[in-house]
Amino acid sequence: QVQLVESGGGLVQPGGSLRLSCAASGRIFSIYAMRWYRQAPGNQRELVASITRGGSVNYADSVKGRFTISRDNAKNTAYLQMNSLKPEDTAVYYCNAELRVDIVAPLENNYWGQGTQVTVSS
């Protein structure tokens, strides 16, 4: 089994910063991509940022210049550094991984963490 565990959420004032972590463990051969999604009440889940094993990154327009995604391949861990936070960043943030469980298995994209709450409020 594969587990993704997020941490680092919390309450922060507008303009503040938080760093989220997502640690993957279990039966993992290799992780191709790790992604951060978020879902605010009443909204659909949206992709915030993604990073491939080789380090290629993509960001949603709403977070460009404020958020930075990174990963430590040796630790199977991804990070999301969030700066200049705004109230509209308030959401549950979810980690997603696209990986292979062994050398012959196909890439699978349905591994999710439990989510971590980020609240930006004064």
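Computation of the quantities below employed the complete heavy-atom set of this structure, encompassing side-chain atoms and omitting hydrogens, waters and symmetry-equivalent molecules.
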What pairs of donor and acceptor atoms, side-chain ones from residues 28-37 against any protein atom, are under 3.5 angstrom apart with sequence neighbours left out?
unit_1	atom_1	unit_2	atom_2	d
Arg35	NH1	Asn96	OD1	3.3
Arg35	NH1	Glu98	OE1	3.3
Arg35	NH1	Asn109	OD1	2.9
Arg35	NH2	Glu98	OE1	2.6

Provide the full list of side-chain hydrogen bond (donor to acceptor under 3.5 Å, both in side chains) pairs with a residue in residues 10-19, sequence neighbours left out, each pair given once.
Ser17-Asn83
Let me see the working for Thr116 and Leu20 under side-chain contact (heavy atoms from CB on, under 4.5 Å), right down to the final yes or no.
CA-CA 8 Å; Thr116 185; Leu20 306 183; 4.0 Å; yes
With sequence neighbours excluded, what pairs up with Arg66 under the side-chain hydrogen bond (donor to acceptor under 3.5 Å, both in side chains) test?
Asp89
Tell me which pairs pass ring-ring contact (aromatic ring centres under 6.0 Å, His included) where either residue lies in residues 61-105, with sequence neighbours left out.
none
Short side-chain to backbone donor-acceptor contact, Glu6 and Gly115, under 3.5 Å
yes
Does Gln114, at its CD atom, have more than 12 non-hydrogen atoms belonging to other residues, nucleotides or ligands within less than 6.0 Å?
yes
Just how far is it from atom OG of Ser122 to atom CG of Leu11, taken to the nearest 0.5 Å?
9.5 Å
Quick one: which residue pairs count as a disulfide bond (SG atoms under 2.5 Å apart) with a foot in residues 44-122, not counting sequence neighbours?
Cys22-Cys95
Spacing of Ile51 atom CD1 and Ser70 atom OG [to the nearest 0.5 Å]:
6.0 Å
Return the minimal non-hydrogen interatomic distance between Ala105 and Val101, and the atom names on each side.
CB-CG2, 3.8 Å
Would Val118 and Thr90 count as a side-chain contact (heavy atoms from CB on, under 4.5 Å) here? Give the steps.
CA-CA 5 Å; Val118 171; Thr90 296; 5.9 Å; no
Closest non-hydrogen atom pair between Ala40 and Ala91, with its separation:
N-CB, 3.8 Å
According to salt bridge (Lys or Arg N to Asp or Glu O under 4.0 Å), who are the partners of Arg27, at least two apart in sequence or on a separate chain?
Asp102
In short, disulfide bond (SG atoms under 2.5 Å apart) pairs touching residues 41-85 with sequence neighbours left out are none
The complete set of salt bridge (Lys or Arg N to Asp or Glu O under 4.0 Å) pairs with one or both residues in residues 44-53, sequence neighbours excluded, reads Arg38-Glu46
Crowding at CD, Gln1 (>12 non-hydrogen neighbours, <6.0 Å)
no
Separation between CE (Met82) and CG (Leu18), nearest 0.5 Å, reads 4.5 Å
Can you list everything that forms a side-chain hydrogen bond (donor to acceptor under 3.5 Å, both in side chains) with Tyr111? Sequence neighbours excluded, please.
Glu108
Same apolar cluster (I L V M F W Y, side chains within < 4.5 Å links), Leu80/Val12:
yes
Could I get the full list of side-chain hydrogen bond (donor to acceptor under 3.5 Å, both in side chains) partners for Gln117, not counting sequence neighbours?
Thr119
Listed by chain and number, what are the side-chain hydrogen bond (donor to acceptor under 3.5 Å, both in side chains) partners of Asp61, not counting sequence neighbours?
Lys64
Can you confirm whether Pro14 sits close enough to Pro87 that some side-chain heavy atom of one is under 4.5 Å from a side-chain heavy atom of the other?
yes
With sequence neighbours left out, write down each residue that passes side-chain contact (heavy atoms from CB on, under 4.5 Å) with Asn58, or none if nothing qualifies.
Ser50
Exam field: side chain Ser62 to backbone Ala60, donor-acceptor pair closer than 3.5 Å
no
